[in-house]
Colleague: 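Just dropping this structure here.
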Amino acid sequence: FQILDDRVVPFDDQAVAAECALALGLRCRPETAVASIVTFLKAEPALLVLDCCERAVAGVALLAESLIDEVPQLAVLTTSREALRARHEEVIRLPPLSLPEDGDVLSAATAGDYAAIRLFIERARSLGVNLSADESELPTLARLCSKLDGIPLAIELAAGHLIAFGLQDLVTILERRLTLVDVGRRTAEQRHQTMHATLDWSYGLLSDIERLFLLRLSVFEGAATLRAIIAVTAFAPLSEADVLQSLARLVDKSLVTTRHLPTGAAYRLLDTTRAYAMGRVEEGTESAVLSRKLAAHLLDELTSSRRIEGITTLAEAWLGESCPNLANLRVAISWASSSEPEAPMALDLIAGATPLLMQLSMLAECERLAAQGRRLLRAVPQTSSELEMRFSVFEGTAALGTRGPAEDARAALEDGLRVAKDRADIHYQGLILSGLYWFWIYRGEPTKAIECATAIGTIDVVPDASATSICAHYVAIATTQM
């Protein structure tokens with residue numbers, strides 16, 4: 001049974017015992033409630049279930065300890081967003097429903113192995129939607145359940161929209177973070193009828209400092225390291241100590257999830273919680289300050305990371321699949337690109353990221369960002385020709401690696417070669433001519449490939465301490481010796 005109602009009002013310690021006694025059918029004064037409950041429960045072994053204890057954690061902890069001390073044969077089961085931290089407590093954290101992971105092969109036979117997909121299909125069928133585990137729809141269904149973070153309530157509510165929108169449109173709506181009026185069970189408690197009401201409930205239990213921190217944390221797309229969180233969110237009125245304490249409290253309250261990576265812990269708001277928090281962040285000053293701080297932090301990180309170009313293990317630690325920086329980098333570049341005064345920051349972010357992406361063979365992302373950088377350069381007057389050269393070579397080389405000898409890959413490389421010659425940059429001339437050599441090889445035109453190899457051979461490359469010149473030197477050697 002549930003002893004606490006839906007009011008988002010903290011219970012005092014005595015009130016918890018009194019509510020429990022009332023639920024057990026006991027008539028007593030608040031000050032004698034614990035004694036009355038003890039007398040009632042001593043009669044035989046019992047299991048006492050206390051639901052939604054996050055609103056009265058201290059009171060529930062005191063009550064549970066008192067009852068266990070006085071009634072040894074009693075077992076107490078509590079549900080709460082945070083641990084009671086009571087004596088004899090054993091915490092079992094309930095993860096979201098299971099979802100397919102990267103690399104998993106989805107099929108009609110295996111779809112039911114994932115609890116999130118299974119629940120969505122069952123709920124859809126109960127609403128009269130004939131949603132089968134058709135293999136052509138499974139990737140879309142998996143993406144939908146992933147966007148809902150495997151949360152049972154969110155999955156159930158989303159299934160209620162299938163009749164109106166269909167599976168693909170529902171995914172699009174969620175990915176665009178458009179607000180839907182949730183279709184929950186009429187008989188459910190009010191806070192369980194919509195995701196917004198559920199999150200309102202949790203938000204109402206936070207302190208003012210925790211609320212502000214939660215809203216600031218929503219600037220991160222996906223996960224963030226502790227270093228990044230402090231750099232971006234610790235400004236007046238939040239101190240670094242406030243940030244650390246609030247982060248720990250939100251982890252305790254299950255509003256922030258943690259993931260331990262080789263590079264350290266990463267913290268993440270679930271997508272549903274982040275969308276809710278973003279809706280509460282005031283447009284204007286606070287939002288712009290957070291976006292600028294995130295972009296500036298990533299730019300600082302990229303600037304310091306340039307020393308690791310050429311060292312794959314270190315590059316992977318910053319931008320590899322196990323590190324959360326890539327999703328946040330996309331958000332920061334998108335924000336900076338959309339504001340003319342911030343365009344130079346967007347260009348610097350792209351310039352710092354593309355070499356690492358190339359180094360880690362993340363070619364599609366590298367091509368996309370480099371192409372975006374070239375478009376942005378056309379809109380920003382008086383920019384450096386070096387950036388044009390760098391973006392051209394990364395776009396062309398990445399395109400060559402992902403799509404073969406496409407014409408736009410050749411055009412980008414030739415644009416870069418023109419700028420490199422204008423700048424008398426022999427290192428980039430070597431890199432670009434090497435890319436063009438392979439372009440013509442892939443196209444089956446050896447004569448033009450030999451022309452590129454001959455041109456490389458005429459470049460007097462003397463390697464120095466920079467990764468670029470070393471790369472150009474060895475590319476030239478490898479190419480001319482073929």
Colleague: Say whether, by atom type as modelled, one donor and one acceptor occur between the side chain of Thr172 and the main chain of Gln168 under 3.5 angstrom.
Modeller: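 It does hold such a pair.
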Colleague: Above 12 or not: heavy atoms from other molecules or residues under 6.0 Å from CD of Glu101?
Modeller: no
Colleague: Is it true that a side-chain atom of Glu342 and a backbone atom of Ser339 form a donor plus acceptor pair closer than 3.5 Å?
Modeller: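 No, because the side chain of Glu342 does not come within donor-acceptor range (under 3.5 Å) of the backbone of Ser339.
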Colleague: Salt-bridged, Asp200 to Arg280, with N to O below 4.0 Å?
Modeller: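 Arg280 and Asp200: salt-bridged.
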Colleague: Does a side chain donor of either Asp415 or Ser392 reach within less than 3.5 Å of an acceptor in the other side chain?
Modeller: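 The answer is no; no qualifying pair exists.
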Colleague: Determine, step by step, whether Thr110 and Val105 satisfy the side-chain contact (heavy atoms from CB on, under 4.5 Å) criterion, reporting the C-alpha distance in whole Å, the side-chain angles of both residues, the deciding distance to 0.1 Å, and the verdict.
Modeller: CA-CA 8 Å; Thr110 62; Val105 178; over 6 Å; no
Colleague: Which residue in the set Asp208, Thr233, Leu244 passes side chain to side chain contact (heavy atoms under 4.5 Å, CB included) when paired with Phe213?
Modeller: Thr233
Colleague: Within the distance-only criterion (no hydrogens, no angle test), does the side chain of Asp169 pair as donor or acceptor with the backbone N or O of Gly166 below 3.5 angstrom?
Modeller: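 No, because the side chain of Asp169 does not come within donor-acceptor range (under 3.5 Å) of the backbone of Gly166.
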Colleague: Look at Asp252 together with Arg81 and state whether they make a salt bridge at an N to O cut-off of under 4.0 Å.
Modeller: no
Colleague: Among Leu217, Leu247, Thr225, find the residue that satisfies the side chain to side chain contact (heavy atoms under 4.5 Å, CB included) test when tested with Tyr267.
Modeller: Leu247
Colleague: Between Glu414 and Arg418 (salt bridge meaning N to carboxylate O under 4.0 Å), is one present in this structure?
Modeller: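 Salt bridge: no.
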Colleague: Inspect the surroundings of CZ in Arg443 and state if more than 12 heavy atoms from other residues, nucleotides or ligands are less than 6.0 Å away.
Modeller: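 Yes, enclosed.
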Colleague: Is Arg93 salt-bridged to Glu82, cutoff N-O under 4.0 Å?
Modeller: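 Here Arg93 does not pair with Glu82 in a salt bridge, since their nearest N and O are not under 4.0 Å apart.
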Colleague: For the CZ atom of Arg118 and the CG atom of Asp113, what is their distance to the nearest 0.5 Å?
Modeller: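 Rounded to the nearest 0.5 Å, the CZ-CG separation comes out at 8.0 Å.
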Colleague: Looking at every heavy atom in both Leu206 and Arg211, which two are closest together, and how far apart are they?
Modeller: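 Shortest heavy-atom separation between Leu206 and Arg211 comes out as O-NE, 3.2 Å.
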Colleague: Identify the heavy atoms of Gly150 and Ala116 that sit nearest to each other, and give their distance.
Modeller: CA-CB, 4.3 Å
Colleague: Just checking Gln245: does its CD atom have more than 12 heavy atoms from other residues, nucleotides or ligands closer to it than 6.0 angstrom?
Modeller: no
Colleague: Any ion pair linking Arg249 and Asp242 (charged N to carboxylate O, less than 4.0 Å)?
Modeller: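 Here Asp242 does not pair with Arg249 in a salt bridge, since their nearest N and O are not under 4.0 Å apart.
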Colleague: Between Arg368 and Glu395, is the closest basic N to carboxylate O distance under 4.0 Å?
Modeller: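 Answer for the salt bridge query: no.
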